Amino acid sequence: MTTTPASASASAPPAAVPVHQRVAELAAAHIGPWQEGYLSDRSQAVAALARLRRGAGREAGEMPDLWNLIDTDALHTPTEGVRLLGEQELVRAENALHAALTLWAFHQQSRGTPMHRRHTRERPGGLGAAVRRLMPADGIDEPVRKRLVRAGTAPDLVSLTQRLRDIVALLRREDIPLDYALLAGQLYCWQWPDGPAAVRRRWGRSFHEQRRPRPASDENTTPDTDKDAS
């Protein structure tokens with residue numbers, strides 16, 4: 001019987017982090033300080049959100065004002081155990097970050113509680129779960145459900161972001177949060193072949209996760225830092 005020497009095992013490279021997870025983590029790293037600063041009425045964060053909101057529903061390269069605001073250095077910088085991304089991966093990662101961060105800024109506008117909240121099994125934070133919370137506990141609101149379906153059948157990322165903006169407007173009105181890190185990772189996946197179908201399945205699964213009636217208080221007064229359970 002052959003055994004692996006301990007030294008060889010210890011030197012084995014770490015498992016590669018999927019690109020969509022790297023995108024999700026970078027989105028969370030951006031939103032965390034901005035959200036805390038905005039809720040504390042810090043002028044720098046308030047100004048950053050105002051700039052981000054103008055990019056919601058628009059292409060990433062269309063807004064030069066955001067180029068120095070959305071820092072993607074982490075995707076370009078080589079680190080031990082993490083491979084460099086190819087050009088196509090970088091473009092799609094940057095597009096996903098732009099879409100998620102600008103949608104979050106639109107969602108957070110004038111809200112006094114965090115509109116980005118990390119997904120947990122106890123408190124589902126995916127898009128489908130958030131849309132389900134717009135509906136009565138004992139039924140389905142077909143016009144709202146159709147908005148989710150329409151978003152899932154968008155022909156391109158810009159159209160998808162515009163349709164998501166309409167959904168986010170409803171969530172914002174009802175103070176329903178969303179996991180924007182999870183969404184960023186999904187928007188990255190959506191841009192690849194077979195990605196839209198896979199993401200639609202995740203949204204559908206998330207929709208059915210949220211079966212409980214909406215609580216009177218969302219326990220949403222402080223940012224949730226639970227690790228993404230997706």
Side-chain angles (χ1 to χ4, degrees), residues 17-28 31 55-60 85 88-104 106-107 115-137 139-174 176-212 214 227-230:
V17 178
V19 179
H20 78 272
Q21 185 177 327
R22 292 167 64 178
V23 172
E25 290 170 355
L26 188 54
I31 292 174
R58 303 173 71 173
E59 290 188 19
L85 301 185
Q88 200 171 39
E89 291 174 313
L90 282 169
V91 169
R92 290 173 174 175
E94 290 166 352
N95 287 343
L97 277 170
H98 171 90
L101 295 178
T102 55
L103 285 170
W104 163 74
F106 171 65
H107 196 167
M115 292 295 102
H116 163 63
R117 188 190 71 196
R118 299 307 299 266
H119 166 88
T120 66
R121 289 185 181 278
E122 293 73 26
R123 295 192 298 172
L127 180 67
V131 169
R132 182 64 183 85
R133 291 184 62 199
L134 287 166
M135 304 180 187
I140 298 294
D141 185 323
E142 274 301 313
V144 172
R145 188 192 67 84
K146 286 178 180 178
R147 285 180 183 267
L148 181 62
V149 172
R150 185 168 178 266
T153 57
D156 52 57
L157 185 63
V158 173
S159 299
L160 173 59
T161 306
Q162 291 168 347
R163 295 177 187 185
L164 289 177
R165 190 180 186 279
D166 293 339
I167 293 175
V168 168
L170 299 178
L171 299 177
R172 179 176 172 275
R173 185 181 67 192
E174 299 298 326
I176 297 173
L178 186 63
D179 185 339
Y180 279 94
L182 177 59
L183 181 64
Q186 291 173 341
L187 294 179
Y188 173 80
C189 294
W190 192 91
Q191 297 172 77
W192 292 93
D194 300 323
V199 172
R200 282 196 297 270
R201 284 195 298 271
R202 291 171 192 165
W203 289 348
R205 193 176 305 125
S206 173
F207 182 89
H208 293 291
E209 275 185 305
Q210 182 62 43
R211 295 178 181 274
R212 293 168 295 180
R214 183 179 178 185
K227 182 173 175 59
D228 181 7
S230 66

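FYI, the numbering just counts along the sequence from 1. Computed from a predicted structure; not experimentally measured.
If you take NE2 on His116 and CG on Leu101, they are separated by 10.0 Å, rounding to the nearest 0.5 Å. A distance of 4.5 Å separates CZ of Arg22 from CG of Leu85, quoted to the nearest 0.5 Å. Here Thr153 contributes atom OG1 and Leu160 contributes atom CG; the two are 9.5 Å apart, rounded to the nearest 0.5 Å. Remark: Leu127 CG to Gln186 CD distance equals 7.5 Å, nearest 0.5 Å. Atoms CH2 and CD1, from Trp104 and Ile31 in turn, are 6.0 Å apart once rounded to the nearest 0.5 Å. To the nearest 0.5 Å, atoms OG1 (Thr161) and CZ (Arg163) are separated by 11.0 Å.
With hydrogens and angles disregarded, no donor-acceptor distance shorter than 3.5 Å links the side chain of Arg147 to the backbone of Ile167. Proximity of a side-chain donor or acceptor of Gln191 to a complementary backbone N or O of Leu187 within less than 3.5 Å is detected.
Looking at heavy atoms from C-beta onward, Ser159 lies out of side-chain contact with Arg150 at the 4.5 angstrom threshold. Proximity of Phe106 to Met115: side-chain heavy atoms (C-beta onward) are nowhere separated by under 4.5 Å. Contact of the Gln21 side chain with the Tyr188 side chain is not registered, since no non-hydrogen atoms from C-beta on lie closer than 4.5 Å.
Ion pairing between a basic and an acidic side chain is recognised when a charged N comes within 4.0 Å of a carboxylate O; Arg145 and Glu142 show such pairing.
Among all heavy-atom pairs drawn from Ala130 and Leu178, the shortest one is CB-CD1, 3.8 Å. Between Val199 and Cys189, the shortest heavy-atom distance links the atoms CG2-CB, 4.2 Å.
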